[in-house]
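Just so you know, ligand 1 is whichever comes first in the structure, and atom 1 is the first atom listed for that ligand.
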Amino acid sequence: MIFEPYSIKQVTFPNRILRSSVGGRTAGYDGVVGSTWKNFEKRFADGGVGGIISTTFNVNRFRKSPLEYPPISEDIYVAPLRKAIAEIKSTGCRYIIQLGDPGYAAQVSLFPEPQDSHSSSDGFDLIYGYTDRRTAMSEEDIWQAVRDFGDAAERVQATGADGVEVTASKGYLIHQFLNPGFNRRRDAWGGSVERRFRFLDEVVREVRGRVGPDYLFGIRLAAEDYNWLPINLRLPFVFPPRHYFQGNRLKETLAYGRRLKVLGVDYLNIDSGFGFIHPRVTPGPFPVEEARIFYDTARHLGRKASWRAALLHALPIPVSRSLLGVGWKYQEAINLDYAAVFRQEVGLPVIANGGFQRRETIEGALRDGKCDLVAMARALIANPDLVRTFEAGGNEPEVPCTFCNRCAARTASSPLGCYEPARFPSSAAMQEQILAWNRGDD
Ligand SMILES: Cc1cc2nc3c(=O)[nH]c(=O)nc-3n(C[C@H](O)[C@H](O)[C@H](O)COP(=O)(O)O)c2cc1C
């Protein structure tokens, strides 16, 4: 089934494998994409994936962080994207642009920016975001954020991309409104399951209104939030405790899924977990050394960021690994059962996301009707020709991805590529691969 085409609306994917959203420092300092970005994305299209879901393109023109991640918050970004996407699509691969707003989860910035603390409610989070506190958005801020998504969606259409996906997952702004552990508002934007959904509801109406009824439009949604993972310090404590420790459970998110269908969303991209990196989003071990590198890059931005980096360096690596590594474990196809429930209960096409690499597992998932498409990130970063391997009858690559999570923790500070030393004969070979991935020639 992997090689059976699949259509949603007018978009036909030549096979069932998508490159999942992969963000990194692939654009210029101004965020404009050039040949490095195009070469990076096209490598997967050349490797035979049926479609690509882009990095999370930032819709807010002030929250530009991290530098060199491509945003789509202004018109200047459209023409270069249009040129690059045309080349990527010339391979037959479909291209979907994912939109997002990190809210307080903006991880790095050139200078500290007040808008990088924006969220549904006030609070403190040790692991995510660099600002000392997250701050509640005003009514005006919220409506501006809704319009940002609409403006960005119009730009997506102008790039010639086949569709638009909005992330309501990953602990980003929409997720910060959905999640009862974060959204403690008592106004029209919080306080009940329905009111927590209102921000996403408005974003979906705005985006659909701007792109028209026929344009492919999906939502990335976390099936369960797992707020207790990874081990973190978050304030204030929220009552009832299940909101603090669990966040949304399936009951609530399925209700969201049904509402999204009524609102005219075309597909759901299902994962779980609140935040990035997160043991449910990127199942595998906690990458201590890379986390140190990452936190170092943000330490100049505020007191919290500085203490956090100092703390991680003060703890010996084996201690951090066992303490902070609680719950970090690779699990194959980690969100597949959630995907199946959404497919069954909501009745929209579903993309399953997280921990795929073996052909047998993907074939089984499709054959059993648990999902319609499978998205992969790390396995394809390690082996961009994986789909060709499957085509030739292979079940997994010769040198598989180990799901070490080094690439995921490196992404905001280093060029994208595979950082697993065990997969290369030497460090020079690993470096060569990383630099080859980030070629700037046309
Ligand atoms: C280097 C890297 C960058 C990522 N960037 C994004 C991103 O920009 N937006 C997003 O929604 N997910 C992002 N993800 C998450 C992936 O899309 C995917 O959901 C996750 O890695 C689990 O899939 P996998 O097990 O196939 O890697 C990223 C993952 C990696 C490894």
Under a 3.5 Å distance rule, please check whether E345 uses its side chain to pair with a backbone N or O of L254 as donor and acceptor. no
Quick one: nearest non-hydrogen protein atom to atom 26 (O) of ligand 1, plus distance? A377 N, 2.8 Å
With sequence neighbours left out, write down each residue that passes side-chain hydrogen bond (donor to acceptor under 3.5 Å, both in side chains) with T297, or none if nothing qualifies. none
In the protein, what heavy atom is nearest to atom 29 (C) of ligand 1, and what distance, to one decimal place, separates them? F276 CZ, 3.7 Å
Measure the acute angle between the ring planes of Y226 and W228, then classify it against the limits of 30° and 60° as parallel, tilted or perpendicular. tilted
Under 3.5 Å donor-acceptor, N335 side chain and Y338 backbone: no
Answer with side chain, backbone, both or neither: which part of Q98 has a heavy atom less than 4.0 angstrom from an atom of ligand 1? side chain
Between S121 and F182, is there a donor-acceptor pair closer than 3.5 Å when you use the side chain of the first and the backbone of the second? yes
With a 4.0 Å cut-off on heavy atoms, is T167 in contact with ligand 1? no
To which protein heavy atom is atom 18 (C) of ligand 1 closest, and what is the distance rounded to 0.1 Å? N353 OD1, 3.4 Å
Side chain or backbone of R410 under 4.0 Å from ligand 1, or both, or neither, by non-hydrogen atoms? neither
protein heavy-atom neighbour closest to atom 14 (N) of ligand 1 works out as S21 O, 3.1 Å
Heteroatom distance test (V281, ligand 1): nitrogen or oxygen, under 3.5 angstrom: no
For S20, take its heavy atoms, then give the atoms of ligand 1 lying under 4.0 Å from any of them. 16 (C), 17 (O), 18 (C), 19 (O)
What protein heavy atom is closest to atom 4 (C) of ligand 1, reported as residue, atom name and distance in Å? G23 N, 3.4 Å
Is the terminal nitrogen or CZ of R378 (NZ for Lys, CZ for Arg) located under 6.0 angstrom from the six-membered ring centre of F403 and within 45° of that ring's axis? no
Does the distance from a Lys or Arg side-chain N to an Asp or Glu carboxylate O, for R16 and D372, drop under 4.0 Å? no
Decide, yes or no, whether a salt bridge links E396 with R359 under the criterion of side-chain N to carboxylate O below 4.0 Å. no
Which donor-acceptor pairs under 3.5 Å do side chains of residues 166-173 form with protein atoms, sequence neighbours excluded?
from : atom 1 : to   : atom 2 : distance (Å)
T167 : OG1    : S169 : N      : 3.2
S169 : OG     : D271 : OD1    : 2.9
S169 : OG     : D271 : OD2    : 3.0

Please confirm whether the backbone N or O of Q115 pairs with a side-chain atom of R63, one donor and one acceptor, at under 3.5 Å? yes
For ligand 1, note which part of D271 has a heavy atom under 4.0 Å away: side chain, backbone, both or neither. neither
Looking only at distance, does R220 have an N or O less than 3.5 Å from an N or O of ligand 1? yes
Which ligand 1 atoms does L416 reach within 4.0 Å, using its non-hydrogen atoms? 1 (C)
Heavy-atom distances under 4.0 Å decide this one: backbone, side chain, both or neither, for T56 against ligand 1? both
Please confirm whether I381 comes within less than 3.5 Å of ligand 1 when only nitrogen or oxygen atoms on both sides are compared. no
Classify the ring geometry of F286 against W328: parallel below 30°, tilted from 30° to 60°, perpendicular beyond 60°. tilted
N or O pair under 3.5 Å between P283 and ligand 1: no
In ligand 1, which numbered atoms sit nearer than 4.0 Å to a non-hydrogen atom of G354? 22 (C), 23 (O), 25 (O)
Would R378 count as a polar contact of ligand 1, with the cut-off being nitrogen or oxygen pairs under 3.5 Å? yes
Relative to the heavy atoms of T282, which atoms of ligand 1 are at a distance of less than 4.0 Å? 20 (C), 21 (O)
Looking at G123, is its backbone amide N or carbonyl O close enough to the side chain of Y104 to form a donor-acceptor pair, meaning the two atoms are under 3.5 Å apart? no
I'd like to know whether ligand 1 has C407 as a neighbour, heavy-atom separation below 4.0 Å. yes
